[in-house]
Number of protein chains: 2
Amino acid sequence: MKGIREKLEKYALGSVQTSGFKALSFRKMATEIGIKSSSVHYHFPEKSHLAKALIERYSAEFFQALDAIAEKPGGLEEKIIDFFTIFEEVIKENKLCLCGMMAAEVELLNDENRQLLADYFTKTEQWLVDLITQHQSEIKSSLSAQVLAKSLLSSLEGALLLDRVVNDNQRLTAQKELFVSMLFA
Amino acid sequence: MKGIREKLEKYALGSVQTSGFKALSFRKMATEIGIKSSSVHYHFPEKSHLAKALIERYSAEFFQALDAIAEKPGGLEEKIIDFFTIFEEVIKENKLCLCGMMAAEVELLNDENRQLLADYFTKTEQWLVDLITQHQSEIKSSLSAQVLAKSLLSSLEGALLLDRVVNDNQRLTAQKELFVSMLFA
DNA sequence: GTCTATATACAGATAGAC
DNA sequence: GTCTATCTGTATATAGAC
């Protein structure tokens, strides 16, 4: 079947966003999909290959969503709020951003996957820098676009991390209030 | 020996802050300290007991550091910068906050340890709320102390998470610049 | 308090049949 | 592509000697 690899990745993605990469086993994946663990190894010979596939897949879908935000008509405030919405959807499912989760486990990853993870963060920051720069006239902050971008992304990842533990979304809400107030109020 | 438990906790703390709780085994702890894994079970019958000891120990030392900041003479800006410094020391060692790391692994913890983890974050936020409220006249932000506290703590945890992956401290620096600018500039 | 020895379960990974 | 079977290593945890 062509769909098996797809099912494996889908399940693995949700599992890692919930419990982390270390806690995911080929046996659990196999049982969940209804095949044997040796068959999972056909699709992903080593677990690091699965990690790579997950980071690449998650990154591709994420940057596609960012492109959609960038291309939409509307001002910066609307686009920033759309950016927040991506993270709000994640916490609603009691998950973390895949790359935020794997960032905690970075010491367990090989060099290639560490680089893919770093790329996810730096490219997202660069997307924010470009967005802010294009709408520079709409904001009142004197901080550089670089500082705003790095602060915004790490603030959102941290808010997800803590909100899931405390079981609300107050930190995500607080971050939104703070950035909207600082940039547009 | 009385010092064995101490050595075990010290090693475990550093290991979890680096690689996470799931990746730490009683065997590694034992080998590191120079005893057998069965002896580790004498001190911590189950792994969850170790998790509890680590969270409680880390929290106690952290809140002690917060008390020292609160009792020191000086204005709010100085105290907030001292708060940042705690996190800067962590990233220098290429580690995460213990509770930030375990927040990623919260689904693997039992209810008691989840509660201890949630307490760490909410108590720290409350400490920040109290601090900000006491120095309300020194800040220029119109945001509530609650929003500022939740935003500040989660921003710092997120900055640690991302800086370790990208292998610099630019996000921690950006957060400091943003908060100092927003509150005091 | 630490040891040896062991129980039981699970991990990633591979060989070879079909 | 998936299977059975298996290898090798590791995990948490316990029993009982010293």
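We use all heavy atoms of the structure for the numbers below, so side chains are in, but hydrogens, waters and symmetry mates are not. Quick note on labels: first sequence line is chain A, next is B, and so on, each numbered from 1.
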### Query
When all nucleic acid strands are considered with a 4.0 Å heavy-atom cut-off, which category describes Leu24(A): base, sugar-phosphate, or nothing?
sugar-phosphate

### Query
What does Lys28(A) touch in the nucleic acid at a heavy-atom separation under 4.0 angstrom: a base, only the sugar-phosphate, or nothing?
sugar-phosphate

### Message
I need the CG-P distance between Leu50(B) and dA11(D), as an integer number of Å.
### Response
14 Å

### Query
Taking the six-membered ring for Trp, is the centroid-to-centroid distance between Phe62(A) and Trp127(A) below 6.0 Å?
no

### Query
dA11(D), dG12(C), dT2(C): which one has an atom nearest the side-chain heavy atoms of Ser25(A)?
dG12(C)

### Query
Can you tell me if CD on Gln136(A) sees more than 12 non-hydrogen neighbours from other groups inside 6.0 Å?
yes

### Minimum-distance nucleotide to Glu46(A) side chain [options: dT2(C), dA13(C), dA13(D)]
dA13(C)

### Query
What integer distance in Å separates Tyr42(A):OH from dG12(C):C1'?
19 Å

### Query
Expressed in angstrom and rounded to an integer, what is the separation of Leu8(B) atom CG from dT2(C) atom C1'?
12 Å

### Query
Any sub-3.5 Å donor-acceptor pair from Thr133(B)'s side-chain atoms to Val129(B)'s backbone N or O?
yes

### Message
Tell me the interatomic distance from Met29(B), atom CE, to dA11(D), atom C1', rounded to whole angstroms.
### Response
14 Å

### Task
Hey, could you give me the CD/OG distance between Glu177(B) and Ser144(A), rounded to the nearest 0.5 Å?
6.0 Å

### Message
Quick check for you: among dT14(C), dA11(D), dC10(C), whose closest atom lies nearest to any side-chain atom of His41(A)?
### Response
dT14(C)

### Message
Before you tell me yes or no, could you show the steps for Glu6(B) and Lys10(B) under salt bridge (Lys or Arg N to Asp or Glu O under 4.0 Å), namely the whole-Å CA-CA distance, both residues' side-chain angles and the distance that decides it to 0.1 Å?
### Response
CA-CA 6 Å; Glu6(B) 179 71 13; Lys10(B) 274 241 162 80; 3.4 Å; yes

### Summary
Regarding the side chain of Arg27(B), the nearest nucleotide among dA7(C), dT2(C), dG12(C) is dA7(C)

### Task
Provide, to the nearest angstrom, the distance between the CZ atom belonging to Phe44(B) and the C1' atom belonging to dG1(C).
14 Å

### Task
Is it possible for you to check whether Lys47(A) lies under 6.0 Å from the centre of the six-membered ring of Phe21(A), through NZ or CZ, and within 45° of that ring's axis?
yes

### Query
Which whole-number value in Å describes the distance from His49(A) NE2 to dA13(C) C1'?
12 Å

### Message
Regarding Glu9(A) and Arg5(A), does a basic nitrogen lie under 4.0 Å from an acidic carboxylate oxygen?
### Response
yes

Could you write out each protein N or O paired with an N or O of nucleotides 3-5 of chain D at a distance under 3.5 Å?
unit_1: dC3(D); atom_1: OP2; unit_2: Lys36(A); atom_2: N; d: 2.7
unit_1: dC3(D); atom_1: OP2; unit_2: Ser39(A); atom_2: OG; d: 2.9
unit_1: dT4(D); atom_1: O4; unit_2: Ser38(A); atom_2: OG; d: 2.8

### Euclidean distance, atom CZ of residue Phe26(B) to atom P of dT14(D) [Å, nearest integer]
10 Å

### Query
Atom CG of Asn110(A) to atom C1' of dG12(C): distance rounded to whole Å?
15 Å

